[in-house]
Every structure is written in C-alpha cells, then in structure tokens.
Amino acid sequence: MNTPEAVAAAGPLAHPVAGVPDLVAAEDVLLFVNAAITATGQREFRSDADAQRLSLDFLHTYVRVNYRRVYAASLALDINHHNAALIVRALLETAGEASDEERRTEGRLIAARLALLPPPRVYRLFGELRRAKVNNRRTRAIMRDWLAARPDLGHDAVKYRAGLKTAARHIHLRCRQEAEPLPETGEFLFRPGRSRRYEHRLLDAWRRAHYEQGAVTELPFSVAEGFAAKHGMKREVFLKRAAPRMTRLERLRTQEQRVVGDRRPDVDLTAMPLTRLASYVLSLGFTQRAERRAELTGALRAAARRAAGAHAGSWGRVHAVLDDSFSSSGSGQKRRRPLAVALACHHLLEALAAPGAYRGLWTSGAGDALLVRPWGPTPLGTRILDALEPGPGGAAPDRLVIVSDGWDNAPAGLAGEVLRVWRQRLDPGRRTAAVHVNPVYDADGFDVRRLAAGVATAGIRDAEDLPALVEIARFAEGRAGPEELYAYLDRRVARFTGEGGTA
C-alpha cells in the first residue's frame, strides 16, 4: 500500500532536466509555504474537509521527510495556527529522524511558536501528543517550559481545565509541594471538592459559583455562561454583569444582545486586527453597514494604517483586482472568509499606496467597498485589463495586486492569457510588479490556484501579512534563486528565535 510516508520517502519529484534539484526543492518549499498559510483542513467552496485534510497530510509528510530543516523553519513564517500545530506535533513525533543540531534548532522554533499560539490550541496539541504516546524528554521539557511561562495557571485551570489536567498528567508534573508550579491548582484539578476555600480568586469563585449566583460573573465569560444557564439567570442581566470581564472579541460577539435602545456597546473597533474587522463588517446587513458607514470605514482605515506600519505610502501607484464573486462566500466553516481577505486587502493597499495613487476594482463592478457581497461570476481577465490601464497622467501602475481564489470563469482562462501577453509583449522589463495572492487552498493541486506562470502567486491567510508575502513572491516569480530563498529562511529563523538577523 502506498502510504504518504512511503511516497514521501521516495524523494523529491523527478525532473527531466539534470542539474535542477535545488530548483525543484525551492518549488516544493514555496508550495508548502502556500499551503501552510492558507489551508486549515476545513471545507472550502469547491472541496470538502476530508479532501483538504488528506491533501494537507500528504504535503506535510512529503516536506518533513525530504526537507526537514525547511519544514521546521516554516514555524518562523507567517503560517496559520492549524499548520503550526501540525508541524510541532510531527517534529516531536519524529524526533528520532533528526540530528542533534536539528533537534536543538527545532526546540527553539517550537518554543517560540507555542508562545504565539492561542492557549486552547496548545492544550489541544498537548492532548494529541498524549494520545499519540509522545512522551520523550524533549517533549516533556517543552510542555513544562510552556506551562511555566503561563501568566496564571489558576486562570487556565478554570478556563482550560481538561487541557491543563491532561498536560500535567502527561509530563508527570508534581502538584502537591509548595515549591512546585501547581500547589493549590493541583488540588483543584485532581482532588476537586476537598478544599473548603481556595486562596486563588478564580479557583474560589468557581467553587462558589456552584451555589452562589454572585460568583458567576467573577469567572471568565466562557465558563460563566455555563453556570449562568445552570442558575437560570436572564441573558440580558448576565451579559450586563459579565461585560467588564469579557475579552474584546467576546464583547463584539455579544454586542447585539447588549444593545439598549439606540446606545451601542463600548467596543473599540479600531483596535481589532484588520482581517477580523473585515469579517465583522461583512457579517452586518447592508442597512447596518450604511447606517454605520463613518464608524466602520474609519475603523477599517485605522486598522489598515496600523497594519501597513513603516510601509505606508511606499508602494507608489497601486492597482488592485479584488474578487467578490459568488465563490468568495467560502463555506459553512469559513463563511465569507475569501471576501473578508479581499476587503481587508483593499484598505491595506490603499494605505500602502502613495496618497491618491490607489485604484481598487471589484470583479462584480461594485463601486462601494463597504457594501460588497459574494455575487456573480469571476471575470478576472476583464478586470485585469482595466487595472492595467494607465492612471492619471498616463502612468502605468507600479504594482498590480490580484486578490482571488484563481477560478477565472468569465470567460475561463482569459486572465492567464491577458497576463501572459502583457508580461511577454507589453512589459517584459517588469516595470509593473505583479502578484496574485490567493486565500483558498486547492486540495487537488496541493497548492493555491495560479493564474499565469509569469505572475507570482502566494497564499494569504490574513491581509496583514501582505507586505511579507510580496517578499516571498519574488522567489516564486524566479527573480531570486534557491540560495537566496534558503538564506531568507535562515534570517527568519534567526529573528524568530531571538538569535539576531533580519528578514
């Protein structure tokens, strides 16, 4: 039977021309990076979750077996949390395949990446390692160091009780001695109900919440919700009392339930990450968006300026083609995600372009970015022709950015032909830098779908990563060789693990 491990162990894909293994390896690396940025193993518009997971599992195995150093180095890139957790698990499960030097580097990369992952995902990863019976010394040390760095294990014991309990058991973390990290918390996890009172505020609030309504709102919101239902508390009363302890996203998620009359809850939209804010905007109805136009547009522009940072205004004349076709509706698991990325990129590109030098074209022909919706076919070719038209003063754009899933279908293939002819005949000197960023993983192709060979394509998860992705795109376009790619990865690893260097 051809398992993923057996196929991957066969080595890099054969190439008909001798002397190009480095080029093939570089292409494999870029393919994996695109997948690790975009794929989440969830259903997409054109493929189900099983196909996504199967494709992603094979790709992980192939790259880990053939390019282990690059596989580990991917943790230093802007990959998504799902793939970061998969990489960490695979590296720990196959520690015997690595040299001593590789294990040391991997340990630093894993520790740095775990510090960035959301705690629920880390605890879920620890549970997977326990079920897989991965319990070597390095794994225990990594888990122990991560737990020791947590700001408040009492809070984790209440909010992530099962995860913390599993991790403590797996690494044999002693909890009874006062010198150990979990003295009172160990009692709470493994001998509940024995103590009449806990010194830790949250642990004692959890104990009292079983019989005292007043203690419910002292707990983290996700835990308090269960106790509120148990006590039969009215939803509006509970939300009002719990509001001071909610996170920003929890306040945003419950804001419609907390609206009283015409007063809106105190939610600072400008502090939200750009892509997440775009998803929130698209979740509102057209009437709400129109009524809150100034607020929402101002928040999107403020988030875009923050994301642009030092790059703001440095990209010159920028023309963008933005996909709001029906396929941008995503799936039930990733609702409107591709459209949210396009909307976020629209505002980010406006901030990156020189003042007044940005032009955004939606595939539907929409002129109001705030009111876009997933609708119609994908006439990318026509919109690319429009985007390549000179701007005011007859100047061609300095950059052309296409944000789309790549399914050009009105007519099919026109976008690729337009880009091919333009690159070969009209702009062979590359006066205009062109890049296609794709937010959707193509399970059948083990990559994101591309439009044309002469235009670099990069996967994108969050619009905030766009400036970094443009740098990676030059490797995909062939403007930089394999040696530069590997040097770039080394710089990212050095910076990510705090060993100096710049990316």
Say whether, by atom type as modelled, one donor and one acceptor occur between the side chain of Thr275 and the main chain of Asp462 under 3.5 angstrom. no
List, one per line, each side-chain donor-acceptor pair under 3.5 Å for residues 115-125, sequence neighbours excluded.
residue, atom, partner, partner atom, Å
Tyr123, OH, Asp156, OD2, 2.7

With sequence neighbours excluded, what pairs up with Tyr71 under the ring-ring contact (aromatic ring centres under 6.0 Å, His included) test? Phe32, His60
Carboxylate-amine/guanidinium contact Asp444 Arg449, below 4.0 Å: no
For Thr432, does its backbone N or O pair with a side-chain atom of Asp427 as donor and acceptor, under 3.5 Å? yes
When you compare the side chain of Leu91 with that of Leu75, does any pair of heavy atoms fall below 4.5 Å? yes
Ring centroids only, cut at 6.0 angstrom: are Tyr358 and His319 within range, meaning strictly under it? no
Under the 3.5 angstrom rule, does the side chain of Asp323 hit a backbone N or O of Ser404 as a donor-acceptor pair? no
Walk me through whether Arg103 and Thr105 qualify under side chain to side chain contact (heavy atoms under 4.5 Å, CB included). CA-CA 5 Å; Arg103 281 196 289 270; Thr105 302; over 6 Å; no
Do Ile402 and Leu419 have side chains that get closer than 4.5 Å, going by heavy atoms? yes
Is the distance between the ring centroids of Trp146 and Phe126 less than 6.0 Å? yes
Could Arg43 and Asp50 be called an ion pair, given the rule that one side-chain N must be under 4.0 Å from one carboxylate O? no
Which residue in the set Val401, Leu274, Asp465, Leu300 passes side chain to side chain contact (heavy atoms under 4.5 Å, CB included) when paired with Leu348? Leu274
Once you round to the nearest 0.5 Å, how far does CG of Leu343 lie from NE2 of His347? 4.5 Å
Does any part of the side chain of Tyr441, heavy atoms only, come nearer than 4.5 Å to the side chain of Asn34, both counted from C-beta? no
Give a yes or no on whether the backbone of Val440 and the side-chain of Asn438 come within a donor-acceptor separation of less than 3.5 Å. yes
Would Arg383 and Trp362 count as a cation-pi pair here, with the cationic atom under 6.0 angstrom from the ring centre and within 45° of the axis? no
For the OG atom of Ser47 and the CD atom of Gln42, what is their distance to the nearest 0.5 Å? 11.5 Å
If you measure from the Lys or Arg side-chain nitrogens to the Asp or Glu carboxylate oxygens, is any gap between Arg253 and Glu250 under 4.0 Å? no
Any side-chain donor near an acceptor of the partner, Arg276 and Tyr280, under 3.5 Å: no
Looking at Lys334 and Glu44, is there a salt bridge between them, counting it only when a charged N and a carboxylate O are closer than 4.0 Å? yes
Show, in sequence, the C-alpha distance, side-chain angles and deciding distance for Asp100 and Arg104, and conclude whether the salt bridge (charged side-chain N to carboxylate O under 4.0 Å, His left out) test is met. CA-CA 6 Å; Asp100 291 342; Arg104 284 192 291 270; 5.3 Å; no
Check ion pair Arg306-Glu464 (N to O, under 4.0 angstrom): no
Between the main-chain N or O of Leu380 and the side-chain N or O of Asp408, is there a donor-acceptor pair closer than 3.5 Å? yes
